[in-house]
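Structure first, then comments.
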Amino acid sequence: MLTQTELKQNVAEAAVQFVLPLLAPDAILGVGTGSTADLFIDALAPHKSRFRGAASSSERSAARMQALGIQVFDLNDVQAMPVYVDGADEVDHGLNMIKGGGGALTREKIVASVARQFVCIVDESKLVQTLGHFPLPVEVIPMAREVVARRLAALGGTPVLRSGFVTDNGCQILDVSGLSITAPADMEALINNIPGVVSCGLFALAGADILLMSTQEGVRQLGRDTENTPS
Ligand code: 5RP
């Protein structure tokens, strides 16, 4: 029986094999944040001569890549990216995701928006029928925290301030539990429109294009067009 860390390791290695053919020598790829993204960075590093560098979704991933000799580019200097690779806290069968458990949701969404495709890498525990069991992270401007919390409560959620945590953007996170997210894109748009919200951890208006999911039987590849019912 593989542990969750071994499952993450397997999908990280599968992701490297998936992205390498997409990377021209001058390519910059987008890299996410979290324990699965860390393993992806580690597995990618031996191949760093095959591409130009990376744009990072967090200071944490940037530091890890730089330590391994992967050149990290400011996103302002990047016009295009073939692929963005990142983990998720939950993903549904339509490849909508909840992200932001590591607090990097806003930069993740920004970097992903530049990439031609989003490759989500998870172990099978992250696949759900309906998003919302994992508390939805919402990044807020600190002075708007309470008004945003009231608006999120009015949507049926229970927001809790992530205590002692400051994002790379100098903002705060409200983790919202109790939401059953049956219409993820609508919910994302609704939350994005609350004044004071920087971004929310729903990735549905632009979800993943490819899901690489590590199971006890191996890594499965699912696309938006794949029949994504559980096997
Ligand atoms: C960080 C994220 C991560 O992708 C998400 O939290 C999954 O993390 P892990 O790979 O450690 O399970 O969105 O903001």
Side-chain angles (χ1 to χ4, degrees), residues 2-16 18-19 29-44 54-65 75 83-92 95-113 115 117-128 131-140 160-162 164-177 179 181 184 188 191 197-215 219:
L2 298 169
T3 64
Q4 190 179 33
T5 303
E6 288 167 335
L7 290 169
K8 288 182 179 188
Q9 181 77 53
N10 287 350
V11 77
E13 282 162 13
V16 170
F18 183 89
V19 301
L29 85 160
V31 175
T33 299
S35 58
T36 319
D38 281 349
L39 294 168
F40 172 71
I41 292 167
D42 296 350
L44 184 67
S56 179
S57 63
S58 64
E59 303 295 342
R60 162 183 165 167
S61 290
R64 193 175 188 96
M65 287 191 279
L75 190 68
V83 63
Y84 174 78
V85 180
D86 200 356
D89 298 299
E90 281 184 350
V91 56
D92 71 13
L95 307 198
N96 306 295
M97 297 167 283
I98 286 183
K99 294 184 41 54
L105 57 153
T106 300
R107 293 190 185 200
E108 290 171 343
K109 210 171 262 195
I110 295 167
V111 178
S113 76
Q117 55 177 328
F118 187 134
V119 176
C120 177
I121 53 172
V122 296
D123 67 86
E124 59 193 340
S125 70
K126 307 290 186 72
L127 185 67
V128 297
L131 299 175
H133 185 69
F134 188 92
L136 176 66
V138 178
E139 183 167 358
V140 294
V160 174
L161 176 66
R162 197 178 294 184
F165 184 83
V166 178
T167 70
D168 284 351
N169 313 308
C171 294
Q172 293 176 312
I173 302 271
L174 294 169
D175 290 304
V176 189
S177 56
L179 294 172
I181 305 172
E188 182 180 356
I191 295 176
V197 167
V198 179
S199 75
C200 93
L202 272 170
F203 286 57
L205 293 166
D209 300 292
I210 301 286
L211 177 65
L212 296 179
M213 181 176 67
S214 199
T215 74
V219 176

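Scope of the values below: all heavy atoms of this structure, side chains included, with no hydrogens, waters or symmetry mates. Both ligands and their constituent atoms are indexed starting at 1 by order of listing. Being a predicted model, the structure only gives us computed values, none of them experimental.
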Under 4.0 Å between a Lys/Arg side-chain N and an Asp/Glu carboxylate O for Asp38 and Lys8?
no
Taking all non-hydrogen atoms of both residues, which atom of Ile181 and which atom of Gly132 are closest, and how far apart?
CD1-CA, 4.0 Å
Does the distance from a Lys or Arg side-chain N to an Asp or Glu carboxylate O, for Arg60 and Asp168, drop under 4.0 Å?
no
Rounded to the nearest 0.5 Å, how far apart are CG of Asp86 and NZ of Lys109?
12.5 Å
Over all atoms of both residues, closest heavy-atom pair of Leu44 and Val19:
CD1-CG2, 4.4 Å
Heavy-atom cut-off of under 4.0 Å around ligand 1: list whichever protein residues fall inside it, by chain and number.
Lys8, Thr33, Gly34, Ser35, Thr36, Asp86, Gly87, Ala88, Asp89, Lys99, Gly100, Gly101, Gly102, Gly103, Ala104, Glu108, Lys126
Can you list everything that forms a side chain to side chain donor-acceptor pair (under 3.5 Å) with Asn10? Sequence neighbours excluded, please.
none
